[in-house]
Every structure is written in structure tokens, then in C-alpha cells.
**Q** 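This is the structure I have questions about; it appears just below.
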There are 2 protein chains.
Amino acid sequence: MIKRKKPRDIEQTLIKRLQDKGYRLTPQRREIIKLLSRDKSHPGAMDILHKVKKIVPGISMSTVYYTLDMMKKEGLIRELEYYDTDNRYEINIKDHINLVCTKCRKITDFTGNVPSFSKAVEKETGFKPASMRFEYYGICRDCEK
Amino acid sequence: MIKRKKPRDIEQTLIKRLQDKGYRLTPQRREIIKLLSRDKSHPGAMDILHKVKKIVPGISMSTVYYTLDMMKKEGLIRELEYYDTDNRYEINIKDHINLVCTKCRKITDFTGNVPSFSKAVEKETGFKPASMRFEYYGICRDCEK
DNA sequence: TGTTAATTAGGAATCATTCCTATTATGATA
DNA sequence: TATCATAATAGGAATGATTCCTAATTAACA
């Protein structure tokens with residue numbers, strides 16, 4: 001039985017955590033959070049700008065980046081960095097494998113169970129893993145058709 | 001018993017594979033290949049430029065990028081892409097985990113055994129993995145001291 | 001040794017992201 | 001509810017690794 005939180009709850013939790021940390025709640029932030037808690041497509045800054053603009057027309061790219069950067073620093077979201085595409089953002093901050101479609105560029109989470117190697121790595125090499133990034137590149141089910 | 005090829009052999013193999021594919025062997029390419037087959041630090045284009053310049057003083061950044069790009073396309077090397085640092089290059093094209101030190105930026109290969117999840121991913125999600133990128137970020141043994 | 005197409009050098013262009021600054025508006029306080 | 005301090009925003013300029021462009025050079029062939 002997998003327990004999956006409702007978007008509305010995720011949204012409220014994020015807002016509360018921001019306010020507890022002393023950040024102000026602006027319409028721009030509210031909408032960015034709302035979007036990220038519902039949109040599982042791992043949107044980029046430009047996607048976010050365009051989608052939020054429908055609700056908050058005046059929002060600027062600066063604000064999108066400023067907000068994402070702040071939430072990233074506070075550990076509320078995770079940034080997936082790419083050099084050949086724009087960076088992507090996700091609220092799933094738990095360790096997991098991302099499946100990157102090289103055709104449509106969509107990114108999905110692999111929710112299956114994945115054992116951790118960090119202990120083995122540290123034991124064998126002395127390197128102490130603090131975070132990870134596991135990605136598979138390939139063709140998603142939709143593009144395969 | 002791990003079989004590890006000598007740098008000299010790796011170098012000769014790469015040169016032969018290039019020539020077999022019809023590419024010309026220039027002093028610039030010879031030195032870039034020589035460097036990559038010996039330098040396991042996962043150097044970036046700028047590193048490669050500076051190091052090769054000691055042997056081939058006139059070499060330009062364009063040539064470094066052109067050569068790396070060509071070798072990448074031919075599957076001779078692997079490019080690790082980062083948006084917050086310059087990209088890195090390695091001759092180890094087999095699937096493996098890279099250990100990225102967030103302090104000194106050095107990257108090392110984890111040579112331990114790692115099971116593949118690609119079959120499980122395809123079975124569970126329909127996504128067909130073609131390649132992967134597994135990285136651990138943390139502090140390397142040298143920086144830990 | 002000459003030929004020719006691949007390769008190179010140098011510099012301009014690209015573009016997502018970061019940086020900068022004046023203006024605006026949130027949230028605390030009275 | 002109005003005032004205020006300052007966090008947040010908008011807009012645009014700056015950044016920098018990489019890509020693109022073109023003329024000059026050179027490796028590899030006969």
C-alpha cells in the first residue's frame with residue numbers, strides 16, 4: 001500500500017514551511033508552489049513562467065528563478081541540472097531514479113524500489129556520498145508507440 | 001582478478017579506431033587521446049586545452065571541442081554534462097557510478113559491482129532505458145582529511 | 001610532390017542563468 | 001486601519017561555457 005499525498009496537502013505543507021521560515025507569501029510564490037505540487041512533468045523555469053503567467057500575468061523570469069532558487073536552498077524542491085536543456089524542478093526530494101525521454105524530453109519518476117549503494121561506496125572507496133542523481137535515458141512508453 | 005588495460009594500449013586502440021573510421025590523425029588529436037587515456041581525473045575542455053598546449057602550443061579551444069565532440073559521436077569517449085561546471089570527459093564508456101567531490105570537483109569512477117535496474121524499469125513502466133547516468137555527490141577521501 | 005577534403009584557429013553568436021537596481025507590496029506593529 | 005521596514009519583484013544587463021562560422025592549413029592519398 002503506497003501512501004501518496006494529495007496535491008492540495010503538498011501545497012499547504014510547502015506554504016507552511018516557507019512561512020515558518022519567515023518567507024513572505026506572494027501571489028507569485030503561491031502559484032509556483034501550486035503548479036509544482038500538481039505538475040509532475042518536471043517543468044523548467046520557462047514552462048513555469050508561461051503557466052503561472054495565466055494566473056499572475058505580470059510575473060517575471062527573475063521572480064521565477066529567485067523563487068525556485070530560494071525553495072531549492074531551503075530543501076523544498078530539487079533541481080535537475082542539464083547543460084543541453086533548461087534545468088527542471090520537482091517536489092519529490094526523496095532519492096529516486098528519473099527516467100528522461102530523449103525524444104519528448106519528458107521526465108518521470110521511477111517509483112520502484114532501488115537499493116542504496118552509498119554504504120558500499122563509502123566502505124570500498126572512502127568517498128562519502130551526501131546526495132545522488134540517478135537517471136536513465138531512453139524512450140518513454142508514449143513515444144514508443 | 002580485475003583486468004585493467006595499460007594507458008598505452010588504450011591510446012593505441014583509440015587511435016586505431018579513429019583511423020579505421022577514416023579520421024585523420026593530427027598532433028592535436030594524438031595528444032588529446034594521449035591525455036584522456038592517462039588522466040583519470042575526468043578533465044574538462046579547458047583542462048585539456050591547457051595540458052595539451054604544453055605539447056602542441058598552437059592548439060585552440062575550437063579544436064578541443066571539435067575533437068571531443070567527434071570522439072563522443074563515435075562512441076569513443078563519454079561526456080558528463082554539468083550546468084554549473086564545465087563538462088567533463090572520460091574514456092570509461094562502460095556503465096558505472098561516478099563519484100563527484102563537491103569540494104575539489106574531482107570525479108572518480110566507482111569500480112564496484114552495480115546491478116542494473118533497466119530490466120525492472122522497463123517491465124514496471126514501459127520506459128526503455130538506452131543509457132544511464134548514476135552519480136553520487138559528496139566529499140572524497142582526500143578532502144575528508 | 002600535388003591535390004583535395006578534412007581539420008584547425010580565431011572570433012562571433014548563443015542562450016539559460018545570474019546579477020544588478022529601482023520599484024513595489026507583504027506582514028508586523030501600533 | 002494606517003504606517004513602516006525590508007523582503008520580494010520586474011526588467012534588463014552581464015556572464016560564460018559551448019556552438020557556430022569562415023578562411024587558412026595540413027594529413028593522407030595517388
Side-chain angles (χ1 to χ4, degrees), chain A residues 14-33 35 42-74 76-89 105 107, chain B residues 14-33 35 42-74 76-89 105 107:
Chain A
L14 288 177
I15 288 175
K16 184 159 192 322
R17 289 184 62 189
L18 269 196
Q19 287 181 317
D20 288 349
K21 288 168 186 285
Y23 289 100
R24 293 179 183 172
L25 188 58
T26 64
Q28 292 90 335
R29 287 183 179 171
R30 201 187 288 277
E31 288 305 320
I32 291 174
I33 289 172
L35 177 69
H42 297 62
M46 193 77 94
D47 298 326
I48 294 171
L49 177 70
H50 287 321
K51 286 176 180 168
V52 172
K53 243 195 173 118
K54 290 172 186 169
I55 316 294
V56 188
I59 191 172
S60 71
M61 201 53 158
S62 307
T63 299
V64 173
Y65 275 116
Y66 187 88
T67 301
L68 292 171
D69 194 55
M70 177 270 287
M71 293 206 290
K72 180 179 65 175
K73 280 182 182 141
E74 293 297 346
L76 301 182
I77 60 172
R78 190 174 150 79
E79 183 184 42
L80 294 171
E81 302 164 346
Y82 300 95
Y83 102 108
D84 59 346
T85 333
D86 51 342
N87 295 344
R88 308 299 198 81
Y89 302 87
R105 287 274 136 199
I107 300 176
Chain B
L14 287 178
I15 289 175
K16 185 159 191 323
R17 288 184 61 190
L18 269 196
Q19 289 181 315
D20 287 350
K21 287 168 186 286
Y23 289 99
R24 292 181 184 171
L25 188 58
T26 64
Q28 292 91 333
R29 288 182 178 172
R30 200 187 289 277
E31 287 306 319
I32 290 174
I33 289 172
L35 177 69
H42 297 61
M46 193 77 95
D47 299 325
I48 294 170
L49 177 71
H50 287 321
K51 286 175 179 168
V52 171
K53 242 194 172 117
K54 291 173 185 167
I55 316 295
V56 188
I59 191 172
S60 72
M61 201 52 158
S62 305
T63 300
V64 173
Y65 275 115
Y66 186 89
T67 302
L68 291 172
D69 194 54
M70 177 269 288
M71 293 206 289
K72 180 179 63 173
K73 281 182 182 141
E74 294 297 344
L76 301 181
I77 62 172
R78 189 173 151 79
E79 183 184 41
L80 294 171
E81 303 163 346
Y82 301 94
Y83 102 108
D84 59 347
T85 332
D86 51 341
N87 295 344
R88 308 299 199 82
Y89 302 87
R105 287 272 136 201
I107 300 175

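Computed over heavy atoms, backbone and side chain alike; hydrogens, waters and symmetry mates excluded. Labels below follow one simple rule: chain letters A, B, ... track the order of the sequence lines, proteins then strands, and each chain is numbered from 1.
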**Q** Counting only heavy atoms not in A:K53 (residues, nucleotides, ligands), do more than 12 fall under 6.0 Å from its NZ?
**A** yes

**Q** Name the closest nucleotide to the B:I59 side chain, picking from D:dA7, C:dA9, D:dT9.
**A** C:dA9

**Q** Which part of the nucleic acid, if any, lies within reach of A:G22 when heavy atoms closer than 4.0 Å are counted: base, sugar-phosphate only, or nothing?
**A** nothing

**Q** To the side chain of A:S60, which of D:dA5, D:dA17, D:dA10 is closest?
**A** D:dA10

**Q** If you compare every side-chain N and O of B:Y65 against the phosphate oxygens of D:dT19 (OP1, OP2), does one of them come in below 4.0 Å?
**A** no

**Q** Would you say C:dA9 has OP1 or OP2 under 4.0 Å from some side-chain N or O of B:T63?
**A** yes

**Q** Just to be sure I understand the rule, does B:T85 reach a base, reach only the sugar-phosphate, or reach nothing, if contact means heavy atoms closer than 4.0 Å?
**A** nothing

**Q** Of all heavy-atom pairs between A:Y89 and A:A45, which one has the smallest distance, and what is that distance?
**A** CE1-N, 4.0 Å

**Q** Does A:T26 have a side-chain nitrogen or oxygen under 4.0 Å from the phosphate oxygens OP1 or OP2 of C:dA25?
**A** no

**Q** Contact class for A:N87 vs. all strands (heavy atom < 4.0 Å): base, sugar-phosphate, or nothing?
**A** sugar-phosphate

**Q** Can you check the B:R24 CZ to C:dT4 C1' distance for me, whole Å?
**A** 8 Å

**Q** Considering just the side-chain nitrogens and oxygens of B:R29, establish if one lies under 4.0 Å of OP1 or OP2 belonging to C:dT7.
**A** yes

**Q** Return no unless some side-chain N or O of B:Q28 is found under 4.0 Å from OP1 or OP2 of D:dT26.
**A** no

**Q** How long is the straight-line distance from CG of A:N87 back to CG of A:L68, given to the nearest 0.5 Å?
**A** 10.0 Å

**Q** Base, sugar-phosphate or nothing for A:S62? Non-hydrogen atoms, less than 4.0 Å.
**A** base

